[in-house]
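First the structure, in the form of structure tokens, and then the observations on it.
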Amino acid sequence: MHILAADGAVDPALSNLSDNLVLGMIVVYAVALFLFVFEAAYGRRESLKDTRLVAVGAEAGERADGLQVNLREQEPEAKASRHLLGRIGMAVTVLGLLVNLAQIVTRGLAADRWPWGNMFEFVVAICMCGVAAFLFAALRYRAHYLGAFVLVPVLLLLGVAVRWLYSESGPVVPALDSYWIAIHVSALILATGAFMVSGSATLTYLMAERTEAKKALGEQVNAIAAKLPSAALLDRLAHRMIVLAFPLWTFGVIAGAIWADEAWGRYWGWDPKEVWSFITWVVYAAYLHARATAGWQGKKAAWISLVGFACLLFNFFGVNYLFSGLHSYA
Amino acid sequence: MTEPTATPPSAPALSPLGWARWAWRVLTSMRTALVLLFLLALGAVPGSLLPQRRVSVEEVQNYYLDHPDLAPLLDKLSLFDVYSSPWYSAIYLLLFVSLAGCVLPRAAAHYRLVRARPPKTPRRLDRMPYSATFDVDASPEEVFGEARTLLRGHRIADYGDSLSAETGYLRETGNVVFHLSLVGLLVSLAYGSFFGYRGNMLLVEGDAFANTLTSYDAFYPGTAVDPAGIQPFWLRLDGFEASFVEEGGKAGQAESYLAEVTYRESPDSPEQTHELRVNHPLRVDGAQVYLLGHGYAPTFRVTDPEGRVVFDQAVPFLDRGDGNFTSDGVVKVPDIAPEQLGFTGVFLPSATSDDSGDLVSDFPAARNPVVVLKGFVGDLGLDSGNPQSVYQLYTKRMEEIGDSPPLAVGDRWELPNGAVVEFTGYRDYVSLQVTSDPGRPYALASAATAVLGLLCTLFVQPRRAWVRAVRREDGRTVVEVAGLVKTEGTAPLRRFHELSTQLNGRLRRSDRRAGTEKE
Ligand code: HEM
């Protein structure tokens with residue numbers, strides 16, 4: 001047997017830079033979070049234009065061009081808290097995303113490999129995808145109001161990553177040395193980011209739902225709760241994000257099965273990680289069914305999607321640390 | 001099919017046939033599907049918490065040792081074989097029956113819909129989820145002309161005073177394809193587990209393997225596999241290389257494994273070579289050969305008191321899993337008189353003394369290979385007729401003769417009876433797995449169509465739109481636009497709003513043009 005001298009491929013300068021960028025991005029995201037919280041608390045509730053989540057926005061009825069529009073069902077109101085600081089918050093979030101991206105790229109370059117090979121790198125990449133999914137929702141559905149609700153879990157995750165999961169950059173174990181990591185893990189990380197935005201929207205939805213119930217009873221509601229966007233809008237956004245994430249997750253799990261077939265000699269072996277990806281998938285499928293089943297829409301479906309998100313988190317943290325399996329990279 | 005929103009009908013007081021019908025309707029309702037999906041998820045949980053036989057038989061045995069009271073009880077509930085247990089099978093089989101009962105009628109209805117013309121325009125369009133009206137100077141023909149351009153991609157039927165348009169058939173097609181692909185996936189899995197097999201063995205550098213039942217250390221055939229008829233390939237391990245991170249915080253982490261093999265598809269085909277790596281299996285004649293792991297096989301030469309060589313071979317030692325390949329093994333020397341010899345041994349690839357002076361291995365590669373043996377003389381028990389594991393020494397009828405000093409390569413250990421054991425070196429071995437699963441391509445095809453179907457069902461919006469244009473007595477044309485979506489929510493209605501505002505805009509522009517021409 002020969003022992004190939006490992007060419008200790010880690011570039012210390014890049015690796016150092018990458019470690020500093022982690023701290024930089026935490027600071028930038030924290031600033032953005034502060035701005036978003038300020039907007040949520042002190043902004044004015046304004047109508048959002050063209051959210052793509054309602055049919056005609058504020059235009060039902062007689063319009064200037066002589067068009068008389070009539071909707072059979074009432075549209076959800078599309079209002080959210082708006083403040084200049086929130087707009088700055090969006091810009092700061094974009095900056096945070098760029099720092100996040102730079103961190104991942106430098107770490108990949110430092111070790112000369114695809115930059116998701118251990119828990120620390122997964123978490124940082126998931127945060128990037130979560131923020132990217134939020135920015136997508138903000139651009140396409142005007143869902144900037146979720147900023148605070150997405151950045152809280154992002155910062156928590158980054159904190160956990162730096163405090164407990166940190167591992168210096170270096171080569172990966174041979175099983176991870178495959179182009180499938182780029183396909184399988186990327187799809188799952190992206191899906192996780194979108195599921196995260198959906199989870200945040202769902203929690204916000206449940207709060208807004210309570211606010212609306214209280215308002216309907218004539219009760220007083222306090223600052224941030226009173227300024228939440230309408231529940232129906234949040235519910236739709238949460239659904240949209242799951243509709244985006246679910247096929248990605250499906251694809252990612254299938255890509256994983258193909259990879260497992262190549263690396264371990266079987267495409268499905270009920271390894272704990274596989275079991276929990278399957279459970280997560282089934283629960284989100286149940287969510288999609290629930291929305292088409294009488295008596296299960298709304299709050300009940302929302303809880304199912306939160307159960308799905310809990311399974312996702314458990315798959316990530318629980319399975320890596322509690323079980324031993326082929327799939328533990330902790 | 002049962003409407004997605006339909007609730008299961010309440011139980012009637014009925015004939016057996018009526019009961020059967022009722023049961024079928026309940027089984028194929030969305031609500032039942034939802035419950036079964038939950039059970040499917042919930043039932044999968046214990047399989048990740050408890051050791052599973054199909055993943056690791058040893059872990060199940062250990063569980064039995066650790067929980068002697070609980071384990072038999074759990075075993076009765078098939079909790080060590082969750083995914084092939086009767087109760088889990090019942091859940092997914094019911095789910096798939098429900099799925100077929102739900103989707104097939106829906107597929108038939110969809111087939112009829114695709115073949116039919118878009119339905120007749122309803123009399124009252126203002127009752128539709130979206131409707132809009134406006135009036136213009138343009139004639140109904142011009143209105144229909146513009147509407148047809150805007151409704152590109154729709155199937156359009158002309159009903160005289162109105163157009164009826166429909167689009168998005170792919171959503172329902174996708175739904176049917178997706179659900180049926182899941183059935184296809186299940187069938188492929190079953191097919192593979194009936195007609196496929198899996199086997200494991202160790203192969204020492206230089207040794208060869210022929211794909212027959214007896215060559216395997218462990219063989220798991222599917223129910224319908226004839227072990228005599230498996231693919232007749234042959235392969236030899238020419239060499240093996242492992243590389244590890246040499247220094248730094250990740251020192252000792254494996255970087256790559258490479259096994260060079262020579263193989264033949266069948267006894268009379270030509271020899272070919274392949275670089276077997278993790279993630280690069282060898283595909284041969286419908287089977288795959290995988291590199292799962294590796295280890296060390298120290299080589300020993302034993303000479304009897306008369307100086308005859310009675311043993312000279314490599315003995316695979318099993319890695320303890322400490323990260324540095326401290327490995328345990330057993331050497332059995334049966335062909336020596338008057339008493340047989342047996343040894344248990346520890347192999348340390350990079351031996352060094354730790355703080356307390358004990359000998360340990362501090363690196364996975366063989367920087368300083370050392371073996372320590374414990375010797376036994378007596379009867380190995382090989383002739384008792386009971387099969388023995390090569391990794392265990394049965395010392396019941398043997399007597400311990402003490403420990404060897406640490407032996408480096410080339411060192412000899414003289415036993416009290418005059419025999420000599422020499423540690424002559426080591427060879428690498430690999431652990432290989434051979435799998436043959438004829439269901440694989442079908443499973444992959446099902447998975448691919450499932451994803452395509454899913455994309456269609458999630459992103460295609462089925463819509464019906466109507467445009468009615470009638471000339472009023474004052475010469476103006478009253479245009480009504482209405483639309484219906486079959487998916488949830490009011491958001492998809494924005495497409496109709498786009499249709500009516502664009503139609504209105506275009507006709508107004510042509511009104512204005514006509515107006516300026518008249519002046
Ligand atoms: C293996 C189990 C199943 C899985 C993983 C599954 C998954 C899915 C998914 C992901 C969708 C897309 C949801 C959407 O269009 O928004 C869907 C839709 C649907 N499924 Fe299933 N399904 C399963 C079993 C069933 C069963 C047993 C039934 C019938 C009893 C059923 C009936 C339907 C129907 C009717 C829809 C369309 C819902 C709608 O109109 O929005 N499915 N399914």
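Note on naming: letters A, B, ... go to the chains in the order of the sequence lines (proteins, then strands), and numbering restarts at 1 for each one.
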Using atom types as modelled and distance alone, determine if a side-chain donor or acceptor of A:Ser198 lies under 3.5 Å from a backbone N or O of A:Ala194. no
Of the listed B:Asp135, B:Asn279, B:Thr133, the one with the largest count of heavy-atom pairs under 4.5 Å with chain A is B:Asn279
Bottom line for A:Trp180: the part with an atom under 4.5 Å from chain B's heavy atoms is neither
Heavy-atom nearest pair, B:Ala41 first then A:Val282, reads CB-CG1, 3.9 Å
Whatever's closer than 4.5 Å to a heavy atom in chain A on B:Asp126 counts as both
field: B:Tyr296 and B:Tyr426 aromatic centres sub-6.0 Å
entry: yes
Contacts of B:Arg277 meeting salt bridge (charged side-chain N to carboxylate O under 4.0 Å, His left out) (sequence neighbours excluded), chain-then-number -> B:Glu275
Honestly, the part of A:Leu244 sitting under 4.5 Å from a heavy atom of chain B is both
Closest non-hydrogen contact found for B:Tyr197 with B:Ala287 is OH-CB, 4.3 Å
Counting heavy-atom pairs under 4.5 angstrom with chain A, the leader among B:Glu498, B:Arg283, B:Arg494 is B:Arg494
Under 4.5 Å to a heavy atom of chain A? For B:Phe134 that would be both
Of A:Thr250, A:Asp65, A:Val253, the largest count of non-hydrogen pairs under 4.5 angstrom with chain B goes to A:Asp65
Okay, B:Tyr130 and chain A: the region with an atom under 4.5 Å from a heavy atom over there is both
Okay, B:Thr435 and chain A: the region with an atom under 4.5 Å from a heavy atom over there is side chain
Here the gap from A:Trp270 atom CH2 to B:Arg54 atom CZ, rounded to the nearest 0.5 Å, amounts to 7.5 Å
Which of A:Tyr284, A:Phe251, A:Tyr287, A:Trp281 passes ring pair (Phe, Tyr, Trp, His ring centres under 6.0 Å) with A:Phe246? It is A:Trp281
So, the part of B:Glu247 with a heavy atom under 4.5 Å from chain A: the answer is neither
Looking only at B:Arg127, B:Arg495, B:Gln288, B:Gln52, the option with the highest number of non-hydrogen pairs under 4.5 Å against chain A is B:Arg127
Given the ring of B:Phe363, does B:Arg367 sit roughly above its face, with NZ or CZ under 6.0 Å from the centre of the six-membered ring and within 45° of the axis?
yes
Okay, B:Asn504 and chain A: the region with an atom under 4.5 Å from a heavy atom over there is side chain
Pair count under 4.5 Å, heavy atoms only, with chain B: among A:Gly265, A:Ala263, A:Ser178, highest is A:Gly265
Under 4.5 Å to a heavy atom of chain A? For B:Phe459 that would be side chain
Answer key: most heavy-atom pairs under 4.5 Å with chain A among B:Arg440, B:Arg427, B:Arg198, B:Gln433 is B:Arg440
*Are the side chain of A:Asn118 and the backbone N or O of A:Glu121 linked by a donor-acceptor pair below 3.5 Å?*
yes
Residues 281-302 of chain A vs salt bridge (Lys or Arg N to Asp or Glu O under 4.0 Å), sequence neighbours excluded, gives A:Asp235-A:Arg291, A:Arg291-B:Glu488
Would you sort out whether B:Tyr257 and B:His294 count as a ring pair (Phe, Tyr, Trp, His ring centres under 6.0 Å), showing the intermediate values? CA-CA 9 Å; B:Tyr257 307 123; B:His294 67 110; 4.6 Å; yes
Most contact-rich option vs chain A, by heavy-atom pairs under 4.5 angstrom, among B:Val451, B:Leu42, B:Val45, B:Leu444, is B:Val45
Bottom line for B:Ala443: the part with an atom under 4.5 Å from chain A's heavy atoms is side chain
If one checks every heavy atom of A:Arg113 against chain B at 4.5 Å, the contacting part turns out to be neither
One should read off an interatomic distance between B:Leu484 CG and B:Leu493 CG, to the nearest 0.5 angstrom, of 8.5 Å
Among A:Val307, A:Leu53, A:Asp261, A:Ile304, the residue with the most heavy-atom pairs under 4.5 Å to chain B is A:Asp261
